[in-house]
Protein chains: 2
Amino acid sequence: MATLGDLERAVMDLLWEHQEAITANTLRDLLSQRTSGTNSAEARPLAVTTVLTVLSRLEKKGLVERERSTRPHRYCAVTSREDHTAELMLEVLGSAPDREAVLARFIGTVSAGEAETLRKLLGR
Amino acid sequence: MATLGDLERAVMDLLWEHQEAITANTLRDLLSQRTSGTNSAEARPLAVTTVLTVLSRLEKKGLVERERSTRPHRYCAVTSREDHTAELMLEVLGSAPDREAVLARFIGTVSAGEAETLRKLLGR
DNA sequence: AACGTTTTTCTACACTTCGTAGAACTCCCA
DNA sequence: TGGGAGTTCTACGAAGTGTAGAAAAACGTT
């Protein structure tokens, strides 16, 4: 229950960037901007229904919450990106019977600066 | 390119448990054992071709290597489970623009014993 | 060299997820 | 109460996965 598709991912990224809840239309516009830079031929923007479908799926997955009170519904991410990512990492780690060995490998790969941060976070 | 299906996962787990390369038939038997405990009605064991299909797919994904020299081919995992898991964790972390914030959340969740291990691994 | 057995590859199908969006329905304002 | 904005329903194609039969290849034995 972890992986997201490309579009789902893009939507989550936008929701995470915005602190405020936003509408499907706004999202559609933001998505168009995002891709117009990448693509040469100005790809056709997505239909709003497409965005709404994706939002519904994300809602079902528990990643997105919607305000039904306002007329154009507004959507926002349930958890912050950091929390979500950290949770994912734990999910990956969780399935291992040898957590410490995994952590050892993991630590060996983070950058020096990050190692320093970790040291501070771990205290003393 | 990260997620595995249930059967793929089960096969990888068995390959990781075995240090030696093993055949599809052996795997089939091990898989049957594994499920017979869980399931009451002694589910029908998998066909060998099923196991072979899964092994081919895992090979294509670069997770499994096969010895073609011996007649019943023998299969083994390319990387250890720890390495694989650590890599997955990095993959998850990698997509974050705020790696340190993620690490902070992550660290906050590991057990005290693991935190101790991490402290040692980080040195001084 | 031919046969039967074992092993591997090919082909196939059902089911799920995801991107994509039209059709149909619901709301609300003028 | 009619029309436009918004939402839900329904649908379809592509990809990935579990599953395995059919066909092909390889090998040991006579």
Side-chain angles (χ1 to χ4, degrees), chain A residues 1-15 21-32 34-35 38-39 41-76 88 91, chain B residues 1-15 21-32 34-36 38-39 41-76 88 91 95:
Chain A
M1 214 213 259
T3 42
L4 299 180
D6 290 346
L7 184 51
E8 293 177 326
R9 182 84 210 165
V11 167
M12 286 311 295
D13 279 343
L14 287 172
L15 290 180
I22 54 182
T23 69
N25 267 294
T26 307
L27 271 170
R28 202 250 346 257
D29 296 343
L30 292 171
L31 285 167
S32 301
R34 176 108 359 160
T35 44
T38 317
N39 234 336
E42 182 75 22
R44 175 174 54 136
L46 295 173
V48 187
T49 52
T50 301
V51 180
L52 282 166
T53 302
V54 169
L55 283 168
S56 293
R57 289 175 181 166
L58 288 172
E59 190 187 22
K60 190 183 314 180
K61 293 184 188 182
L63 295 181
V64 158
E65 216 169 32
R66 107 165 63 185
E67 288 175 19
R68 281 196 150 84
S69 49
T70 72
R71 187 41 180 159
H73 294 178
R74 289 173 176 276
Y75 302 81
C76 64
L88 268 193
E91 201 179 305
Chain B
M1 216 213 257
T3 41
L4 298 180
D6 290 346
L7 183 51
E8 292 177 326
R9 181 84 212 166
V11 167
M12 286 311 296
D13 279 342
L14 286 172
L15 290 180
I22 53 183
T23 70
N25 268 293
T26 308
L27 271 169
R28 202 251 344 257
D29 296 344
L30 292 172
L31 285 167
S32 301
R34 175 106 2 156
T35 45
S36 72
T38 317
N39 235 336
E42 183 75 22
R44 175 176 54 138
L46 295 173
V48 188
T49 52
T50 300
V51 179
L52 283 166
T53 302
V54 168
L55 284 168
S56 293
R57 290 174 181 168
L58 288 172
E59 191 187 23
K60 190 181 316 179
K61 293 185 188 183
L63 295 180
V64 158
E65 218 169 31
R66 107 166 62 185
E67 287 175 21
R68 282 198 147 84
S69 50
T70 72
R71 186 40 183 163
H73 294 179
R74 289 173 178 275
Y75 301 80
C76 64
L88 268 193
E91 200 178 306
S95 61

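Below, read A as the first sequence line, B as the second, and so on, with proteins coming before strands; counting in each chain starts at 1.
In this structure, A:Arg28 places its CZ atom 12 Å from P of D:dT7, rounding to the nearest Å. Rounded to whole Å, the distance from CG on B:Leu46 to C1' on D:dA20 is 10 Å.
Once you apply a 4.0 Å limit to the heavy atoms of chain A, the touched nucleotides of DNA chain C run 5' to 3' over C:dC18 to C:dC27.
Contact annotation: A:Asn25 reaches the phosphate of D:dG6 (side-chain N/O to OP1 or OP2, under 4.0 Å). Listed pair B:Thr50 / D:dA20 meets the phosphate criterion, a side-chain N or O lying under 4.0 Å from OP1 or OP2.
Contacts of A:Thr23 with the nucleic acid, taken as non-hydrogen atoms under 4.0 Å apart, are absent. Across all strands, B:Leu52 comes closer than 4.0 Å to base atoms (heavy-atom distances).
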* To do: Decide salt bridge (charged side-chain N to carboxylate O under 4.0 Å, His left out) for B:Arg68 and B:Glu59; before the verdict, give the C-alpha distance in whole Å, the side-chain angles of both, and the deciding distance to 0.1 Å.
  => CA-CA 12 Å; B:Arg68 282 198 147 84; B:Glu59 191 187 23; 3.8 Å; yes
* Asked: After noting the C-alpha distance and the side-chain angles of B:Glu67 and B:Arg74, does the key distance pass the salt bridge (charged side-chain N to carboxylate O under 4.0 Å, His left out) rule?
  -> CA-CA 5 Å; B:Glu67 287 175 21; B:Arg74 289 173 178 275; 5.2 Å; no
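Contacts between residues 63-73 of chain A and DNA chain D, defined by a heavy-atom separation below 4.0 Å, involve A:Arg66, A:Arg68, A:Arg71, A:Pro72, A:His73, listed by number.
A donor-acceptor pair under 3.5 Å is absent between the side-chain atoms of A:Glu91 and the main chain of A:Leu88, judged by distance alone.
Listed by chain and number, the residues in a side chain to side chain donor-acceptor pair (under 3.5 Å) with B:Thr23 are B:Thr26 (sequence neighbours excluded).
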